Amino acid sequence: MTEAAHPKEVIDEKLGTLPAWDLTDLYPAPDSAELENDLVAVEKAAIAFKDQYAGKLSSLDGDALCAAIESFENTQEIMGKVMSYAYLVYAGNMSDPGVGKFFQSMQERSTGISSHVLFFTLELNQLDDSDLQSKITDSSLAKYAPWLRDLRAQKDYQLSDDVEKILHEKRVSGRSAWVRLFDETMASLRFPYMGEELSSAQILNKLSDRDPKARQESAQSLGKVLGENQRLFAHITNTLAKDKEVEDQWRGFSRPVSSRNLANVVEDEVVDALVNSVSDSYQDLAHRYYKLKAKWFGVEQLPYWDRNAPLPDDDDDVISWSDATETVLTAYAGFSPKLAEVGQKFFDNPWIDAPVRPGKAPGAFAHPTVPCAHPYLLVNYQGRTRDVMTLAHELGHGVHQVLAGVQGPLMADTPLTLAETASVFGEMLTFQSVLKKKEDAKARRIMLASKVEDMLNTVVRQVAMHQFETQVHDERRKGELLPEQLGEIWMETQKASLGPAIRFEDEYSAYWSYVPHFIHAPFYVYAYAFGDCLVNSLYAVYQQSEDGFAEKYLDMLSAGGSKRHKELLAPFGLDASDPDFWKQGLKVVSGFIDQLEAMEQ
């Protein structure tokens, strides 16, 4: 049934009551005394911390240095709580000027307070290796050894204290300001569609509508409005790319991606192996699948707006929130009751914001906040099968963040490459659980095709986006890029990855500009492909030896950022530095496409 036959009121009724988050677990209100008291107290603590420890770390023994780190950690947790609250309020309504002002003021106060303790990590990295090791040995400092290890990985790229302080304090009026401009501009854009004005989240949802005319109109509207704003988006992109280039050169990073790899605690060559393996498989994966999909639609080429279209025989009915909740939690429970128990907390408490609203951040995310609180999930739930999978994905992040909280504020965070593991694994559990219930061949084919499309979006599309970013940053080092040049690079990388069975129109050249990761976190996107391929290999191990796997998996999540990928994957017999590792992960996607082709015979 098409959406035209489903008026908005009917769709809303089918969705049921959607939850909205309650941020009072963090603070009662933006103007609350509790928030102001925390800011005043943490500033006093930061100043006292600097007076007590600046210039004195080398003279401290292991236990005293451990006490200093604990004090620093407490400061970081309070500031993390403040900024988590500020961002979540902002994400709820980016188009409200008052909310934007609050978020900016919190950023400015946070930057000012954190400048007092900035010396600490810089001075820690100035300690002699042997001296620090002797402090760690036989003292309470040993519990922070993983954090110190990862901190000191940045040592060779650290600048003088004065330069680091300038970079830190100017960020709020530099990079952060440009990111805010992007977010607020994107949140304010409205896209004409059948007499309505839709947000970006709503118009993107129309790209998977049952009605071909709806898909075409929404795709062309998206491209037109993005195209009309290309000068601004190109200027933001050029400015941030130049900003990154300047800082990378000062720090000594040889490649634009290297700083991200260092932060992800993964070697350049491991990421290169991933990107090369995926790009070498474009023809076997995306090209082959979209040729098959074009055949199902009875055409030689699919227009780009049909790339994520429901299959012709898919009823694609609206899935209620309660059904989505049950689907995801049942899948989690089938793997591990403990995993489902932690996941249940997000639905029993107001920790999820699900409705689509004007001004709300598009897309979806899980925000870890701080260990003394709990994560929050943001989704824009509209009842699609993909929305259910997005819920499974974000819940995986949330469960991971809860379990890793035991590591404390400094070691709970996981590198992006591993942060995507729990989310993609949650998607795989949900997919496999639903697939088992599909008995007839048509239903299984539709489900399998939907999963292949999700995997292509996660692996092929994200690596193509990574290649787009790489080319943009490389070209930016030669000079500013015109909007047309950005569009050309986008089209080139998209055509290479998706293949000849997809037909592109001119307006698609503006689609690069709606991807927030390029602005928020340069070179983030390969982490999705990393996570998907890793999970494919991980799930294969699970299928071969289910006994004890769930316990080892939960231990891996609970480790947070205290271990690196080699240590975390070793219990499963996996090694991401082995080039064959990525090929094994990609074989899972290829195998699903083999099954779909076999169904055609």
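Note that this is a predicted model, so its numbers are computed, not measured.
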Got a list of side-chain donor-acceptor pairs under 3.5 Å for residues 99-111, not counting sequence neighbours?
| from | atom 1 | to | atom 2 | distance (Å) |
| --- | --- | --- | --- | --- |
| Gln104 | OE1 | Arg180 | NH1 | 3.4 |
| Gln104 | NE2 | Glu108 | OE2 | 3.0 |
| Ser105 | OG | Lys101 | O | 3.4 |
| Ser105 | OG | Phe102 | O | 2.7 |
| Arg109 | NH1 | Glu36 | OE1 | 2.9 |
| Arg109 | NH2 | Glu36 | OE2 | 3.3 |
| Thr111 | OG1 | Gln107 | O | 2.8 |

Does the plane of the ring in Tyr528 sit parallel, tilted or perpendicular to the ring in His517? Use 30° and 60° as the thresholds. perpendicular
Is the distance from the ring center of Tyr376 to that of His374 below 6.0 Å? yes
Quick one: does any side-chain atom of Asp575 pair with a main-chain N or O of Ser577 as donor and acceptor, under 3.5 Å? yes
Classify the angle between the aromatic ring planes of Tyr542 and Phe549 as parallel (below 30°), tilted (30 to 60°) or perpendicular (above 60°). tilted
Just verifying a value: how many Å separate Phe530 CZ and Gln462 CD, rounded to the nearest 0.5 Å? 15.0 Å
Can you measure from OH (Tyr27) to CG (Leu88) and round to the nearest 0.5 angstrom? 12.5 Å
Using 0.5 Å steps for rounding, measure from the OG atom of Ser336 to the CG atom of Leu429. 9.5 Å
Between Arg564 and Glu567, is the closest basic N to carboxylate O distance under 4.0 Å? no
Who pairs with Lys135 by salt bridge (charged side-chain N to carboxylate O under 4.0 Å, His left out), at least two apart in sequence or on another chain? Asp131
Rounded distance [0.5 Å steps], CG in Leu122 versus CG in Leu159: 9.0 Å
Please work out which of the three classes, parallel, tilted or perpendicular, describes the rings of Phe72 and Trp147, given edges at 30° and 60°. tilted
Below 4.0 angstrom, N of the basic side chain to O of the carboxylate: do Arg260 and Asp268 qualify? no
What pair of heavy atoms forms the shortest contact from Glu394 to Ala366, and how long is it? OE1-N, 3.2 Å
Tell me if a side-chain donor or acceptor on Arg476 pairs with a main-chain N or O of Ala241 at a distance below 3.5 Å. no
Less than 3.5 Å apart, any donor N or O on the side chain of Gln133 or Ser130 sitting next to an acceptor on the other? no
Going by the rule salt bridge (charged side-chain N to carboxylate O under 4.0 Å, His left out), which residues pair with Arg251 if we only count those two or more places apart in sequence or in a different chain? Glu164, Glu247
Can you find a side-chain donor-acceptor pair between Glu427 and Thr430 that sits under 3.5 Å? no
Under the side-chain contact (heavy atoms from CB on, under 4.5 Å) criterion, do Val257 and His466 qualify, and how do the steps go? CA-CA 9 Å; Val257 71; His466 172 81; 3.8 Å; yes
Does the separation of the ring centres of Trp321 and Tyr381 fall below 6.0 angstrom? yes
Which heavy atom of Asp63 sits nearest a heavy atom of Ser139, and at what distance? OD1-CB, 3.5 Å
Is the closest side-chain donor-acceptor distance between Asn261 and Glu269 under 3.5 Å? no
Can you check whether Gly396's main-chain N or O pairs, donor with acceptor, with Tyr332's side chain at less than 3.5 Å? yes
Can you tell me if Arg152 uses its side chain to pair, donor with acceptor, with the backbone of Leu124 under 3.5 Å? yes
Under a 3.5 Å distance rule, please check whether Glu245 uses its side chain to pair with a backbone N or O of His473 as donor and acceptor. no
If we ignore angles and hydrogens, is there a donor and acceptor under 3.5 Å between the side chains of Lys244 and Ser259? yes
How are the rings of Phe365 and Trp21 set relative to one another: parallel (under 30°), tilted (30 to 60°) or perpendicular (over 60°)? tilted
Taking salt bridge (charged side-chain N to carboxylate O under 4.0 Å, His left out) as the test, write out the residues that go with Lys165, two or more places apart. Glu169
Derivation of the side-chain hydrogen bond (donor to acceptor under 3.5 Å, both in side chains) call for Glu70 and Tyr144: CA-CA 9 Å; Glu70 288 172 345; Tyr144 287 109; 4.5 Å; no
Audit row: Gln126, Asp161, side-chain contact (heavy atoms from CB on, under 4.5 Å) steps and yes/no: CA-CA 11 Å; Gln126 291 164 5; Asp161 290 8; 3.2 Å; yes
For the residue pair Phe233 and Tyr514, is the inter-centroid distance of their aromatic rings smaller than 6.0 Å? no
Minimal heavy-atom distance between Asn536 and Gly585, with the atoms involved, is ND2-O, 2.9 Å
Mark yes when over 12 heavy atoms from residues, nucleotides or ligands other than Lys155 sit less than 6.0 Å from its NZ; otherwise mark no. yes
Donor-acceptor under 3.5 Å (Asn37 side chain, Ala33 main chain): yes
Answer yes if the side chains of Asp22 and Thr24 hold a donor-acceptor pair under 3.5 Å, and no otherwise. yes
Would you call Ile113 and Val82 a side-chain contact if the rule is heavy atoms closer than 4.5 Å? no
Pairing donors with acceptors under 3.5 angstrom, does anything connect the side chains of Asp96 and Tyr90? no
Would you check if there is a donor-acceptor pair between the side chains of Asp387 and Gln382 at a distance under 3.5 Å? no
Do His367 and Pro375 touch side chain to side chain, with heavy atoms closer than 4.5 Å? no
Compile the donor-acceptor pairs under 3.5 Å between side chains in residues 405-419 and protein atoms, sequence neighbours left out, one pair per line.
| from | atom 1 | to | atom 2 | distance (Å) |
| --- | --- | --- | --- | --- |
| Gln407 | NE2 | Ser558 | O | 3.0 |

Side chains of Ser114 and His168: do they bring a donor and an acceptor to under 3.5 Å? yes
Given the rule in the side-chain hydrogen bond (donor to acceptor under 3.5 Å, both in side chains) test, do His393 and Glu420 qualify, once you have shown the distances and angles that lead to the verdict? CA-CA 9 Å; His393 181 103; Glu420 291 301 333; 3.2 Å; yes
Minimum heavy-atom separation for Ala187 to Gly359, with atom names? CB-O, 4.0 Å
Using atom types as modelled and distance alone, determine if a side-chain donor or acceptor of Asn380 lies under 3.5 Å from a backbone N or O of Ala361. yes
Between the main-chain N or O of Ala91 and the side-chain N or O of Lys360, is there a donor-acceptor pair closer than 3.5 Å? no
Does any donor atom in the side chain of Asp25 or Tyr85 lie under 3.5 Å from an acceptor atom in the other side chain? no
How long is the span from the CG atom in Asp454 to the CZ atom in Arg461, to the nearest 0.5 Å? 12.5 Å
Under 3.5 Å donor-acceptor, Ser71 side chain and Ala68 backbone: no
Any sub-3.5 Å donor-acceptor pair from Lys345's side-chain atoms to Val402's backbone N or O? no
Quick one about Asp183 and His520 (side-chain donor to acceptor, distance below 3.5 Å, no hydrogens or angles considered), yes or no? yes
Could you give the distance from CZ (Phe347) to CD (Gln344), rounded to the nearest 0.5 Å? 7.5 Å
Residues 47-56 side chain polar contacts: donor-acceptor under 3.5 Å, at least two apart:
| from | atom 1 | to | atom 2 | distance (Å) |
| --- | --- | --- | --- | --- |
| Lys56 | NZ | Asp51 | O | 3.2 |
| Lys56 | NZ | Gln52 | O | 3.4 |

Only one of Phe468, Phe182, Trp512 clears ring-ring contact (aromatic ring centres under 6.0 Å, His included) with Phe518; which? Phe468
